[in-house]
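To start, the structure under review is shown below, and the notes come after it.
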Amino acid sequence: MLQFDDLRLRVGGTPILRGVTLEVAAGEAVGLVGESGSGKSMTVKSVVRLLPPGSRTEGAVRFDGVDVSSLDAAGLRRMRSRDVAMVFQDPRAVVNPVRTIGDFLTEVLRDQGVGRTEATRRAARALSEVGIGDAVRRLHQRPYELSGGLLQRVVIAAALLTGPRLILADEPTTALDVTTQEEVVAILNEQRAARQVALMFITHDLELAAAVCDRIAVMYAGEIVEVLPAAALHAGARHPYTRALLNSRPGAVAPGERLRTVPGVPQSALTAPPGCVFADRCPHAEARCREVRPVFDGSAACHLLEAR
Ligand SMILES: Nc1ncnc2c1ncn2[C@@H]1O[C@H](COP(=O)(O)OP(=O)(O)O)[C@@H](O)[C@H]1O
Ligand SMILES: [Mg+2]
């Protein structure tokens, strides 16, 4: 359904994505993990062309086989309001603070010609589906009357309301407290799985990605270095960067022991060397790793794995 085909992105001449290749099947959940600045947000934003001014792309993003860069304004609007929904980190940045939750939820439906009574009925049902009781009262409330967790559920309800086929969730729980995070992720996942909506789930939490997703794509410095089934995250991680990330998780050390981090300084797409992006931090790097860029073989981009 969704296909990134060697997507490269520059903003004002600065390289941001350096050849992202990834597919998401209908109904599939794919996690996108990696350190801050690795290009996760830009990757999902390129699907709906929400890129900064001065952006230039090469390669393609295709939705249902159609290159999104070929969509005209109407086609783009249709994709954003019908096929693809987005959930961002901070729900308060998305929901208009002076209007009611009901207005927020019914707006898109009303734009599509659904009558007021029917739109309100559907909005109330959508709220119950994301676990918000007392839906009718909530419809009359304003964002400041709801906690961050409740408001993010409202955003998820809105995302599901138009029957999308893909949800792009960019760190949807990072701004919430930990107990609320788990509930919100569970609801998002439960609802999208029940409707067989595909999901791209951005998080820096590998465990969370593995719990929610079918497959995990690991990004580093504007490229995908490894893609693997979520169930194989621990036993099957092949790329040295993925293994380093796994070793730096809080759960990887005994309580009280010092957290390990991935040694060295993160590269960005701008500073990426001619060879492997991870070579300067990789404990196994050889001379060719610094000189020749490894080819992504559908599973990982690493010279040292090619012979195996
Ligand atoms: N509006 C922007 N203009 C130019 N560069 C940007 C902009 N937003 C982000 N970037 C750069 O793009 C790179 C990737 O950013 P992003 O996709 O947000 O990373 P992530 O989501 O993985 O943390 C970063 O180096 C960041 O500095
Ligand atoms: Mg981001």
Side-chain angles (χ1 to χ4, degrees), residues 2 4-22 24 29-61 68-69 84-94 148 152 155-156 159 166-176 181 184-185 188 199-210 212-213 215-227 239 241-242 244-246 248-249 261-262 264-273 277-278 280-281 296 301:
L2 178 66
F4 299 88
D5 183 0
D6 196 23
L7 176 69
R8 279 156 288 149
L9 166 70
R10 287 175 166 263
V11 180
T14 305
I16 304 286
L17 301 177
R18 307 186 325 122
V20 170
T21 296
L22 181 69
V24 181
V30 175
L32 206 51
V33 302
E35 287 165 298
S36 177
S38 56
K40 306 181 297 294
S41 294
M42 292 295 193
T43 299
V44 297
K45 283 179 176 169
S46 68
V47 175
V48 282
R49 283 178 36 202
L50 279 177
L51 294 172
S55 292
R56 290 201 54 185
T57 58
E58 288 173 70
V61 183
V68 299
S69 69
V84 182
M86 279 162 293
V87 181
F88 296 113
Q89 187 168 331
D90 181 7
R92 295 200 197 276
V94 178
Q152 192 64 302
V155 172
I156 292 168
L166 172 67
I167 295 179
L168 305 172
D170 191 349
E171 311 217 26
T173 60
T174 308
L176 310 177
Q181 280 182 10
V184 169
V185 172
L188 171 64
L199 173 70
M200 280 192 82
F201 182 67
I202 294 187
T203 173
H204 50 255
D205 185 336
L206 275 170
E207 298 300 325
L208 186 63
V212 169
C213 299
R215 287 189 301 139
I216 294 179
V218 181
M219 280 198 86
Y220 185 64
E223 58 180 273
I224 289 177
V225 295
E226 180 159 24
V227 178
H239 197 285
Y241 179 61
T242 312
L245 279 181
L246 284 167
S248 65
R249 285 170 309 125
T261 55
V262 182
V265 180
Q267 292 281 357
S268 74
L270 180 61
T271 58
V277 278
F278 190 55
D280 63 335
R281 299 169 84 187
F296 182 75

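Residue numbers run from 1 in the order of the sequence given. We use all heavy atoms of the structure for the numbers below, so side chains are in, but hydrogens, waters and symmetry mates are not. Numbering of ligands and ligand atoms starts at 1, following listing order.
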Let me have the donor-acceptor pairs involving side chains of residues 41-50, under 3.5 Å, with sequence neighbours excluded, atom names and distances please.
residue: S41; atom: OG; partner: D170; partner atom: OD1; Å: 3.4
residue: S41; atom: OG; partner: D170; partner atom: OD2; Å: 2.6
residue: T43; atom: OG1; partner: G39; partner atom: O; Å: 2.7
residue: S46; atom: OG; partner: T43; partner atom: O; Å: 2.5
residue: R49; atom: NH1; partner: V68; partner atom: O; Å: 2.6
residue: R49; atom: NH1; partner: L71; partner atom: O; Å: 3.2

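Residues satisfying the side chain to side chain donor-acceptor pair (under 3.5 Å) criterion with S55, sequence neighbours excluded, are absent altogether. In this view, Y241 and Y220, F278 satisfy the ring pair (Phe, Tyr, Trp, His ring centres under 6.0 Å) rule, not counting sequence neighbours.
Results of the side-chain contact (heavy atoms from CB on, under 4.5 Å) test with V87 over T173, L199, I167 single out I167 as the only residue that passes. Applying side-chain contact (heavy atoms from CB on, under 4.5 Å) to I216 and the options T242, V227, V33 leaves one that passes, V33. In summary, of the residues considered (L176, T174, I202), a side-chain contact (heavy atoms from CB on, under 4.5 Å) with Q89 occurs for T174 alone.
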In a simple table, one pair per line, please give the protein and ligand 1 atom names for every N or O pair closer than 3.5 Å, along with the distance.
residue: ligand 1; atom: 17 (O); partner: S41; partner atom: N; Å: 3.3
residue: ligand 1; atom: 17 (O); partner: M42; partner atom: N; Å: 2.9
residue: ligand 1; atom: 19 (O); partner: G39; partner atom: N; Å: 3.3
residue: ligand 1; atom: 21 (O); partner: S41; partner atom: N; Å: 2.9
residue: ligand 1; atom: 21 (O); partner: S41; partner atom: OG; Å: 2.8
residue: ligand 1; atom: 22 (O); partner: S38; partner atom: N; Å: 3.2
residue: ligand 1; atom: 22 (O); partner: S38; partner atom: OG; Å: 3.4
residue: ligand 1; atom: 22 (O); partner: G39; partner atom: N; Å: 3.0
residue: ligand 1; atom: 22 (O); partner: K40; partner atom: N; Å: 2.9
residue: ligand 1; atom: 22 (O); partner: K40; partner atom: NZ; Å: 2.9
residue: ligand 1; atom: 23 (O); partner: G37; partner atom: N; Å: 2.7

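The Mg ion (ligand 2) has no N, O or S atom of M42 closer than 2.8 Å.
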